[in-house]
Protein chains: 2
Amino acid sequence: MKPFHSYQNPSLAVDLVVFGYSKQNLSVLLLNRKEAPFKDRWVLPGAFLQMEERFKDTCSRVLKTKLGMDDVYLEQLYSFDEPDRDPRGRTISVAYYALVNPARVAIAAGSMANDVSWFNINELPALGFDHDSIFQQALQRLRSKITYFPVGFELLDDLFTMPELHELYECILDTTIDRRNFRRKILDSEYIINTGKKREGSQNRHPDLYKFNKKLKQNSFQINI
Amino acid sequence: MKPFHSYQNPSLAVDLVVFGYSKQNLSVLLLNRKEAPFKDRWVLPGAFLQMEERFKDTCSRVLKTKLGMDDVYLEQLYSFDEPDRDPRGRTISVAYYALVNPARVAIAAGSMANDVSWFNINELPALGFDHDSIFQQALQRLRSKITYFPVGFELLDDLFTMPELHELYECILDTTIDRRNFRRKILDSEYIINTGKKREGSQNRHPDLYKFNKKLKQNSFQINI
DNA sequence: TCAAAAGTGTTATAATTACACCCATGG
DNA sequence: CCATGGGTGTAATTATAACACTTTTGA
């Protein structure tokens with residue numbers, strides 16, 4: 001074996017699929033590139049890994065820059081290795097996905113991009129690099145994960161109603177779910193707590209406000225699609 | 001952003017958790033290191049990624065060298081990024097796990113290692129680097145995957161009996177499974193085909209020989225543990 | 001003919017699905 | 001007082017879990 005570090009190493013980047021949910025819309029955050037390659041094309045936000053960074057540090061750096069946000073839900077998705085995936089040279093990308101509440105963030109293009117914007121997941125432009133494929137894999141993972149693990153709460157306000165949670169699931173899974181059965185499964189899982197408060201302001205009956213039970217880490221549930 | 005490739009890049013390695021199943025034993029392949037760091041300690045086989053390689057190419061190279069084997073089941077597990085995980089310097093490891101039939105491979109230590117050997121998963125030595133953690137994650141993934149996807153067949157001969165498949169599941173999941181319910185679920189999934197042949201040689205009733213239905217890719221099943 | 005392992009089916013229980021009525025609210 | 005949406009329960013169906021007897025084999 002050659003001595004350590006005599007190997008030439010590929011560049012190592014982190015790319016982020018940032019999901020946001022707002023007004024019954026699941027969206028993803030995209031940047032419009034200012035420079036070649038893929039100039040003026042939309043891509044996922046990302047950055048090269050700096051020597052002292054963990055992947056999550058790089059994610060946080062990107063999220064802070066683009067969203068002015070820290071402390072978001074992050075999960076490693078997959079590492080992408082096609083040799084020609086970046087025309088500038090061999091680059092490995094470790095993809096993460098993030099779940100954020102768009103109401104709490106202020107997106108800003110920064111110096112690197114022409115523009116930054118939320119896109120409804122059903123109305124995405126063709127992305128640069130292999131980012132279409134990364135996005136599809138992230139969506140698949142999110143859809144799978146939300147059926148057995150409480151990640152949905154990351155996309156909502158601290159207090160939310162049962163119909164809001166129900167709509168979130170229907171939107172992400174792109175299906176209809178019986179609201180009575182949904183309520184029962186979610187409540188049985190004990191992942192949410194009824195605060196006793198109610199959402200005021202609507203003309204109709206005021207729905208109960210729930211909060212996420214952050215202490216509970218071991219329970220599991222199954223929302224069938 | 002700095003010009004491309006002006007970044008210093010971490011080293012990029014691929015590590016492999018090679019599972020083998022034989023005589024009602026689930027084992028993992030380990031190497032005994034000839035050189036520092038972790039000289040004389042057992043570790044997972046791995047290699048640094050060469051510039052033109054995909055991850056799977058690196059996996060194949062390692063498997064060919066250590067096992068004289070190609071064409072094994074490989075799946076990406078996770079990428080490990082702790083800054084101090086390799087004392088020689090910053091190294092990212094992309095972990096894969098492989099499923100092989102030990103009967104078909106001939107393991108050989110090669111010039112890099114003192115020794116190479118199968119270890120029963122319940123009798124592993126403490127591994128070098130962060131390989132204990134990689135192994136644990138691989139075992140967890142295998143256990144999860146085998147309950148809903150037909151990966152078990154990769155560990156058996158082309159022809160196998162229902163009791164053999166049943167034992168494999170019990171061994172991997174470290175539990176008992178009712179053999180009548182197991183048989184029904186596996187057969188309902190249509191992932192295996194009764195060849196009409198029987199395993200001869202035992203003193204007792206000769207069990208039917210099945211083969212894996214490779215054409216079927218979409219079905220799913222659920223073995224509950 | 002016997003011990004050991006393989007093949008098979010049925011019943012009880014639990015989980016899921018389908019479905020309808022009452023309640024609270026503001027206009 | 002009414003239209004709208006939110007809250008709740010039950011019956012039918014389906015899936016899972018528990019369980020025992022019969023068959024084949026070579027010694």
Side-chain angles (χ1 to χ4, degrees), chain A residues 23-24 143-144 146-149 152 156-157 159-171 173-211 219-225, chain B residues 23-24 143-144 146-149 152 156-157 159-171 173-211 219-225:
Chain A
K23 303 190 187 88
Q24 302 183 44
R143 284 181 168 159
S144 163
I146 205 174
T147 61
Y148 65 88
F149 201 77
L156 296 172
D157 293 337
L159 298 182
F160 52 87
T161 67
M162 189 62 79
E164 283 163 3
L165 188 62
H166 178 240
E167 272 167 3
L168 170 69
Y169 271 76
E170 290 198 329
C171 175
L173 296 173
D174 191 26
T175 186
T176 57
I177 305 170
D178 183 282
R179 69 192 176 92
R180 291 155 292 188
N181 295 336
F182 176 81
R183 164 187 292 268
R184 183 172 340 107
K185 285 195 178 184
I186 292 289
L187 289 175
D188 285 353
S189 81
E190 298 180 343
Y191 272 114
I192 69 174
I193 299 168
N194 192 325
T195 62
K197 297 177 204 148
K198 290 178 187 293
R199 166 96 70 222
E200 314 275 330
S202 80
Q203 181 172 346
N204 312 313
R205 180 170 182 168
H206 294 169
D208 295 354
L209 283 166
Y210 293 85
K211 65 178 177 184
N219 269 16
S220 167
F221 54 88
Q222 185 58 47
I223 305 294
N224 298 300
I225 57 167
Chain B
K23 302 189 187 92
Q24 301 184 44
R143 284 181 169 157
S144 163
I146 204 173
T147 62
Y148 65 87
F149 201 77
L156 296 173
D157 293 336
L159 297 182
F160 52 88
T161 68
M162 188 63 77
E164 283 163 3
L165 188 62
H166 178 240
E167 271 166 4
L168 170 69
Y169 272 75
E170 289 197 331
C171 176
L173 297 173
D174 192 26
T175 186
T176 56
I177 305 170
D178 184 281
R179 68 193 177 91
R180 291 155 292 189
N181 294 338
F182 176 81
R183 164 186 291 267
R184 184 173 336 108
K185 284 194 179 185
I186 291 290
L187 288 175
D188 285 354
S189 81
E190 299 181 341
Y191 271 114
I192 68 174
I193 299 168
N194 192 326
T195 61
K197 297 175 203 147
K198 290 179 187 295
R199 166 95 72 225
E200 314 274 331
S202 80
Q203 181 173 343
N204 311 312
R205 179 170 180 169
H206 295 167
D208 295 355
L209 282 165
Y210 292 85
K211 63 178 179 184
N219 268 17
S220 168
F221 55 88
Q222 184 59 47
I223 304 295
N224 297 299
I225 57 166

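Letters go in sequence order (proteins before strands), and every chain restarts at 1.
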Option passing side chain to side chain contact (heavy atoms under 4.5 Å, CB included) with A:His166 (candidates A:Asp178, A:Ile177, A:Ile186): A:Ile177
Side-chain (B:Tyr191) to main-chain (B:Phe149) donor-acceptor, under 3.5 angstrom: no
Touch class at under 4.0 angstrom, heavy-atom based, for A:Asp178 against every strand present: base
pair A:Leu165-A:Tyr210: side-chain heavy atoms closer than 4.5 Å: no
Note, A:Thr147 side chain near A:Asn224 side chain (heavy atom, < 4.5 Å): no
Protein-nucleotide distance (A:Phe182, atom CZ; D:dG6, atom P), rounded to Å: 13 Å
Nucleotide interval of DNA chain C bounded by contacts with chain B (heavy-atom cut-off, under 4.0 Å): C:dA4 to C:dT10
Gap between atoms CD1 and P, on B:Ile223 and D:dT16 respectively (whole Å): 10 Å
A:Lys211 atom NZ, neighbour heavy-atom count above 12 within 6.0 Å: no
Nearest heavy atoms of B:Thr161 and B:Pro207, plus distance in Å: CG2-CG, 3.6 Å
Whole-Å gap separating P (D:dA15) and CZ (B:Phe221): 17 Å
Between D:dT14 (C1') and A:Asn181 (CG): distance, integer Å: 14 Å
Per-nucleotide protein contact string for nucleotides 20-27 of chain D (B base, S sugar-phosphate only, - none; heavy atom under 4.0 Å): B--BBBBS
Atom NZ of A:Lys197 with >12 non-hydrogen neighbours under 6.0 angstrom: no
Gap between atom CZ of B:Phe221 and atom CD of B:Glu190 - 0.5 Å precision: 12.5 Å
Nearest-angstrom distance from the residue atom NZ of B:Lys185 to P of D:dT14: 17 Å
Touch class at under 4.0 angstrom, heavy-atom based, for B:Arg199 against every strand present: nothing
